[in-house]
Amino acid sequence: MDQVYIRDISRHDGQEVTIKGWLYNLRSSGKLIFPQIRDGSGIIQGVVFKKNVSEKMWSDCERLTQESSIIVRGRVRADERAPGGYELDVIDLEVLQIAESYPITPKEHGVEFLMDNRHLWLRSRRQHAILGVRAEVIRAVRDYFDSNGFTLMDTPIFTPAACEGTTTLFEVDYFDDNKAYLTQSGQLYNEATAAAFGKVYCFGPTFRAEKSKTRRHLTEFWMVEPEVAYAELDDIMELAEDFITFIVHRVLENRRRELAELERDTSKLELIQKPFPRLQYDDAVRMLEEGHAKGELENRFEWGGDFGSPDETYLSKHFDSPVMVHRYPAAVKAFYMKADPQRPELALCVDVLAPEGYGEVIGGGQRADDLNYLLTQIKAHDLPEEAFDWYLDLRKYGTFPHGGFGMGIERCTTWMCGIEHIRETIPFPRMLYRLKP
């Protein structure tokens with residue numbers, strides 16, 4: 001009999017099916033045993049009647065331990081009382097292995113213990129739900145760009161120089177005593193591919209050697225970065241809000257079950273619609289100053305700095321949708337940002353701050369397209385000009401206005417799930433003091 005996945009069980013009401021998976025939990029009541037079976041696509045409760053099965057099968061059921069691997073044959077039966085609306089009247093059960101005593105039990109465990117056993121923790125309902133939402137975010141990302149004229153471009157993981165600042169680079173040995181660095185962003189390469197294809201995006205792992213232990217930081221994370229030829233700042237802001245709205249709607253459409261498992265207040269997500277509120281940096285600073293004056297913010301914010309987590313949280317809590325803060329001081333942004341022609345001390349950039357205190361989910365803007373300005377910027381940031389000779393060529397051979405942004409998958413997933421810490425949104429997180437498993 002062909003294997004059936006639990007996610008498709010509703011198609012087989014009244015039929016005999018075979019499920020291949022693991023024992024999630026088990027309880028018994030006299031002449032009945034209720035094994036909960038998971039197969040990676042879902043969980044279903046089985047019912048074993050002692051009078052309907054052999055002594056050996058009954059004995060096999062009794063000795064099952066959590067996470068024992070089993071193949072179960074049974075008849076699907078609709079039952080409104082059962083989780084998922086269906087139960088399985090078990091006819092036959094094959095034990096592939098009786099698992100050793102499982103370290104993760106229904107009792108409370110500390111975070112460090114769970115992280116040390118991340119390879120097993122992934123099997124829990126909560127982690128299964130979070131990573132299911134992550135998969136939906138990724139699918140929405142690809143569908144959005146693939147359906148809107150963008151071409152996927154894979155950019156290098158080994159790079160010769162910094163993109164976002166030299167203090168957060170992971171250095172690795174390369175051939176012939178050369179040094180290379182793990183990529184902080186594919187953006188610079190995307191600028192080259194945008195000149196060739198017009199609308200592009202890259203999607204892959206990125207690395208930041210920030211010695212940060214906050215709930216929003218990973219040292220390795222996945223980022224999607226679109227880049228658009230002949231786009232200016234307003235175009236990028238419109239793209240960002242359309243993109244985020246699409247992702248939110250897709251998660252709500254396809255992952256209601258996972259969000260319910262996480263007890264996510266979906267009404268917060270349902271409020272999100274275009275257009276997003278837009279806040280110039282000067283106005284955001286005034287809001288922070290007022291918040292400090294009212295005693296709502298502990299530290300006073302001074303014009304010219306970049307926002308920290310408390311600042312982003314304070315700003316975003318005033319809006320139901322993500323808020324777009326634009327035109328930051330150029331001094332706190334990357335060397336490649338275009339200066340505002342009206343106020344050269346500002347950069348034509350935007351950060352999108354998620355509501356509910358989840359902070360920045362998108363950062364981007366318009367790129368500098370003037371060769372001399374870029375040369376000045378590279379020197380001012382103390383970057384090696386020879387490492388950017390190819391990048392400077394883009395301003396010599398058909399320079400053009402263009403822009404884009406980056407969105408971290410894990411930050412977005414944390415927000416979609418409504419959870420506290422980013423570490424649960426990637427199968428195997430890498431953090432300041434976490435390199436295993």
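Nothing fancy with the numbering, it's 1 onward along the sequence.
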Next on the checklist: Show, in sequence, the C-alpha distance, side-chain angles and deciding distance for Phe335 and Tyr373, and conclude whether the ring-ring contact (aromatic ring centres under 6.0 Å, His included) test is met.
Outcome noted: CA-CA 10 Å; Phe335 76 93; Tyr373 178 76; 9.7 Å; no
Residues passing the ring-ring contact (aromatic ring centres under 6.0 Å, His included) test with Phe158, sequence neighbours excluded, are Tyr174
Does this structure show an ion pair linking Glu253 with Arg139, if we count only N-O contacts that are shorter than 4.0 Å?
no
Applying side-chain hydrogen bond (donor to acceptor under 3.5 Å, both in side chains) to Asp306 and not counting sequence neighbours gives none
| said: So for atom CD, which belongs to Glu210, do other residues, nucleotides or ligands contribute more than 12 heavy atoms lying within a distance under 6.0 Å? | reply: yes
**Prompt:** Is it true that a side-chain atom of Asp146 and a backbone atom of Asp143 form a donor plus acceptor pair closer than 3.5 Å?
**Reply:** no
Checklist line | Any donor-acceptor N or O pair under 3.5 Å, side chains Tyr86, Asp79 | finding: no
The side chain to side chain contact (heavy atoms under 4.5 Å, CB included) partner of Arg123 among His128, Gln66, Glu67 is Glu67
Say whether Gln127 and Arg118, considering side chains only, have a donor N or O and an acceptor N or O under 3.5 Å apart.
yes
Pair Thr219, Arg208: side-chain N/O donor-acceptor within cut-off below 3.5 Å
no
Note: Ile244 and Pro322 closest approach over all heavy atoms is CG2-CG, 4.4 Å
Of all heavy-atom pairs linking Ser316 and Leu353, the shortest is CB-CB, 4.4 Å
State, without any angle test, whether Gln187 and Tyr336 hold a side-chain donor-acceptor pair at a distance under 3.5 Å. yes
### Task
May I ask you to check whether Glu225 and Ser185 show a side-chain donor-acceptor distance below 3.5 Å?
yes
With sequence neighbours left out, the residues meeting side-chain hydrogen bond (donor to acceptor under 3.5 Å, both in side chains) with Glu345 are Arg343
So, does Thr399 use its side chain to make a donor-acceptor pair with the main chain of Lys396 at under 3.5 Å?
no
From the list Glu136, Met416, Arg255, side chain to side chain contact (heavy atoms under 4.5 Å, CB included) with Arg250 holds only for Glu136
Is Cys202 close to Tyr189 at the side-chain level, that is, under 4.5 Å between some pair of heavy atoms? no
- Task: Scan side-chain atoms only and decide if His402 and Gln366 contain a donor-acceptor pair under the 3.5 Å cut-off.
- Result: no
Checking the side chain of Asn117 only, and the main-chain atoms of Leu114 only, is there a donor and an acceptor separated by less than 3.5 Å? no
By ring-ring contact (aromatic ring centres under 6.0 Å, His included), His318 pairs with (sequence neighbours left out) Tyr314
Side chain to side chain contact (heavy atoms under 4.5 Å, CB included) with Ile70: of Ile98, Leu64, Leu96, Asp39, only one passes, and it is Leu64
Any donor and acceptor pair, going by atom type alone, linking the side chain of Arg327 with main-chain N or O of Leu348 inside 3.5 Å? no
Residues 353-362 vs side chain to side chain donor-acceptor pair (under 3.5 Å), sequence neighbours excluded, gives Arg264-Glu356
Mark yes or no for whether Thr168, through its side chain, and Ala209, through its backbone, hold a donor-acceptor pair below 3.5 Å. no
Taking every heavy atom of Ala334 against every heavy atom of His381, the minimum-distance pair comes out as C-NE2, 4.4 Å
Ring-face cation of Arg395 near Tyr397 (centre distance under 6.0 Å, axis angle within 45°): no
Greater than 12 external heavy atoms within 6.0 Å of Glu298's CD: no
Quick note, ring pair (Phe, Tyr, Trp, His ring centres under 6.0 Å) partners involving residues 196-216, not counting sequence neighbours, are Phe145-Tyr201
Does this structure show an ion pair linking Lys199 with Glu227, if we count only N-O contacts that are shorter than 4.0 Å?
no
Between Pro344 and Ala339 the two heavy atoms that sit nearest each other are O-CB, 3.8 Å
* **Polar side-chain atom of Tyr281 near backbone of Gly304 as donor-acceptor pair, under 3.5 Å** => yes
Q.
Between Glu410 and Trp222 (side chain of the first, backbone of the second, donor and acceptor by atom type, cut-off under 3.5 Å), is there such a pair?
A. yes
Under 3.5 Å donor-acceptor, Glu241 side chain and Phe276 backbone:
yes
Checklist entry - When you look at Phe307 and Tyr328, which way does the ring-ring contact (aromatic ring centres under 6.0 Å, His included) test go after all the steps? => result CA-CA 10 Å; Phe307 299 140; Tyr328 286 71; 5.4 Å; yes
*Flag yes if more than 12 heavy atoms outside Glu263 fall under 6.0 Å of its CD atom; otherwise flag no.*
no
Any non-hydrogen side-chain atom of His217 less than 4.5 Å from a side-chain atom of Arg411? yes
Quick check: does any side chain N or O of Thr183 sit under 3.5 Å from a backbone N or O of Thr159, one acting as donor and the other as acceptor?
no
#### Entry: Exercise: do Tyr144 and Asp242 side chains pair donor with acceptor under 3.5 Å
yes
Does the side chain of Ile419 come within less than 4.5 Å of Glu424's, by heavy atoms? yes
d(Thr414 OG1, His421 NE2) to nearest 0.5 Å is 9.0 Å
With a 4.0 Å cut-off on N to O distance, would you call Glu296 and Lys317 a salt bridge?
no
Q) With the threshold set at 4.0 Å, does a side-chain nitrogen-carboxylate oxygen contact exist between Arg77 and Asp13? A) no
inquiry  = Using modelled atom types and a 3.5 Å cut-off, is there a donor and acceptor pairing between side-chain atoms of Thr206 and backbone atoms of Phe221?
reply    = yes
Rounded to the nearest 0.5 Å, the CD1 atom of Ile44 sits from the CD1 atom of Ile19 at a distance of 5.0 Å
| message | Could you check whether atom OH of Tyr5 has more than 12 heavy atoms from other residues, nucleotides or ligands sitting under 6.0 Å from it? | response | no
Quiz item: Is NZ or CZ of Arg27 both nearer than 6.0 Å to the six-membered ring centre of Phe34 and within 45° of the ring axis?
Solution: yes
